[in-house]
Asks: 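Just dropping this structure here.
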Amino acid sequence: MAIAGNILILIGSLFLFLGSLGIFRMPDVYNRLQAGTKATTLGAMSLILGIGFLNNEFLVKSIVLIIFIVLTNPVSSSTIARASHKSGVPLTDKSIIDVCRDDIRKEEV
Amino acid sequence: MKNFKGFIVFLIVVALTWLLLTGTFNKDDLLIGGSALILIAILFYRYSDLYRAVKITPKIVFYYPLYLVVFLIELLKANIDVALRVVNPALPINPGIVAVKTSLKDPLSKLILANSITLTPGTLTVDVKDDTLFIHWIDVKGKDIESATKAISSKFEKILKEIVK
């Protein structure tokens, strides 16, 4: 149990590290959010579950925490993405299509 | 009590949260907690209009675990995918925002779908308008609605249709 907990904590920290690296390396808000959301969700899940394994009285509570993180984390990222798109933050030059922007332009015309 | 199903679902959600948080099966605790739960549910169930989309059929016993398994596998794949992109020096991204149509009608169903999409490989829900979801895709493989829908949301939608309206 202790070994499994430690491995889970290690995996969690690895994904959190990769997520923060992604936030540095990605070119624009949306790609940064992509790296941020996914890596932090799994990283935090794994970390919390690892702590639950190490301390058995926290195991059930850690599962509740995981459920709340999975429910709320994507909502916040989605909201940030929506807000930045509405306020006109541009996509990186590498982007090949933006259906949403075309849509808005059509409404204005 | 016209919204009886909403009441039951609300009660189950609150009861599960409380039980998992306290983790006690002491008789006195259960008695006090249970009455408090029912009181809270009676007071607040009318605001839980959201749950009316939840289907209660025998099938859900099978489809809830299936959805969970599919979701966890996709989450793991998403993380490995993003991690590989991040550590690759060339940063292989091909991003864009595409539109996806959904046949789900209820706000709760659309919320679950959008959340699942956000946590799966290379996709992030940017906006929802009626039955169209605008999705930022890190590696665009199909620009038109049909191919994007097939690649992104069809896998979840099939299972979600069995759980919610």
Side-chain angles (χ1 to χ4, degrees), chain A residues 11 14-15 17-31 33-43 45-46 57-61 63-65 67-68 70-78 80-86 91-92 94-104, chain B residues 16-24 68 71-72 74-89 91-100 111-112 114-129 132-140 142-145 148:
Chain A
I11 294 173
L14 184 73
F15 274 118
F17 168 72
L18 286 172
S20 33
L21 191 68
I23 292 177
F24 268 113
R25 290 207 62 204
M26 289 297 187
D28 67 353
V29 179
Y30 310 99
N31 289 306
L33 275 174
Q34 294 249 14
T37 320
K38 297 179 217 316
T40 50
T41 308
L42 191 74
M45 276 168 73
S46 181
E57 65 260 44
F58 288 134
L59 188 56
V60 184
K61 276 181 192 141
I63 290 169
V64 179
L65 280 181
I67 293 171
F68 282 129
V70 169
L71 285 178
T72 52
N73 214 348
V75 177
S76 61
S77 322
S78 223
I80 297 172
R82 183 163 184 269
S84 38
H85 199 278
K86 290 237 158 171
L91 275 77
T92 174
K94 280 185 184 169
S95 307
I96 56 170
I97 182 173
D98 186 355
V99 179
C100 205
R101 179 63 65 210
D102 295 346
D103 199 60
I104 291 165
Chain B
L16 269 182
T17 314
W18 179 74
L19 267 182
L20 289 174
L21 273 179
T22 53
T24 168
L68 205 63
F71 176 74
L72 283 178
E74 290 292 314
L75 181 60
L76 203 62
K77 262 164 62 186
N79 274 278
I80 292 165
D81 178 74
V82 169
L84 286 180
R85 277 177 211 281
V86 167
V87 293
N88 191 330
L91 204 63
I93 54 171
N94 183 24
I97 293 181
V98 294
V100 163
L111 171 73
I112 299 173
N115 266 5
S116 309
I117 287 172
T118 301
L119 287 175
T120 48
T123 49
L124 171 76
T125 313
V126 174
D127 205 348
V128 181
K129 252 180 219 155
T132 313
L133 279 78
F134 295 101
I135 287 165
H136 182 264
W137 202 355
I138 208 165
D139 183 18
V140 176
K143 289 185 189 179
D144 56 300
I145 287 177

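Each chain gets a letter, A, B and so on, in the order its sequence line appears, and its residues count up from 1. The basis for the numbers below is simple: all heavy atoms, side chains too, and nothing from hydrogens, waters or symmetry mates.
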Asks: From B:Ile112 CD1 over to A:Leu71 CG, what is the distance, rounded to the nearest 0.5 angstrom?
Replies: 9.0 Å
Asks: In terms of heavy-atom pairs under 4.5 Å with chain B, which of A:Ala35, A:Gly19, A:Ala39 leads?
Replies: A:Ala39
Asks: With side chain to side chain contact (heavy atoms under 4.5 Å, CB included) as the test, pick out the partner of A:Lys38 among B:Val82, B:Asp81, B:Leu76.
Replies: B:Val82
Asks: Which bit of A:Val75 is near chain B, if near means a heavy-atom gap under 4.5 Å: side chain, backbone, both or neither?
Replies: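 Both the backbone and the side chain of A:Val75 come within 4.5 Å of chain B.
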Asks: Tell me if a side-chain donor or acceptor on B:Thr125 pairs with a main-chain N or O of A:Ser78 at a distance below 3.5 Å.
Replies: no
Asks: How many angstroms lie between atom NE2 of B:His136 and atom CG of A:Asn31, to the nearest 0.5 angstrom?
Replies: 4.5 Å
Asks: Please report the interatomic distance CD(A:Gln34) to OG1(B:Thr118), rounded to the nearest 0.5 Å.
Replies: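 It comes to 8.5 Å.
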Asks: Just so I understand: if I count every heavy-atom pair under 4.5 Å between each of B:Thr17, B:Leu16, B:Leu20 and chain A, which residue has the most?
Replies: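 Most heavy-atom pairs within the cutoff with chain A belong to B:Leu20.
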Asks: The test is side chain to side chain contact (heavy atoms under 4.5 Å, CB included); show your working for A:Phe24 and B:Val86 and say whether it passes.
Replies: CA-CA 9 Å; A:Phe24 268 113; B:Val86 167; over 6 Å; no
Asks: As an exercise, state the distance from CG of A:Leu18 to CG of B:Asn79, rounded to the nearest 0.5 Å.
Replies: 9.0 Å
Asks: Working to the nearest 0.5 Å, report the span between CG of B:Asp127 and CZ of A:Arg82.
Replies: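 CZ of A:Arg82 is found 4.5 Å from CG of B:Asp127.
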Asks: Please report the closest heavy-atom contact between B:Leu124 and A:Tyr30, naming both atoms and the distance.
Replies: CD2-O, 3.8 Å
Asks: Side chain to side chain contact (heavy atoms under 4.5 Å, CB included) for B:Val126 and A:Lys86? Distances and angles first, verdict last.
Replies: CA-CA 10 Å; B:Val126 174; A:Lys86 290 237 158 171; over 6 Å; no
Asks: Calculate, to the nearest 0.5 Å, the distance between atoms CG and CG belonging to A:Leu42 and B:Leu75 respectively.
Replies: 5.0 Å
Asks: At their closest point, which heavy atom of A:Met45 faces which heavy atom of B:Leu72, and how far apart are they?
Replies: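 Smallest interatomic distance, heavy atoms only, reads CE-CD2, 4.0 Å.
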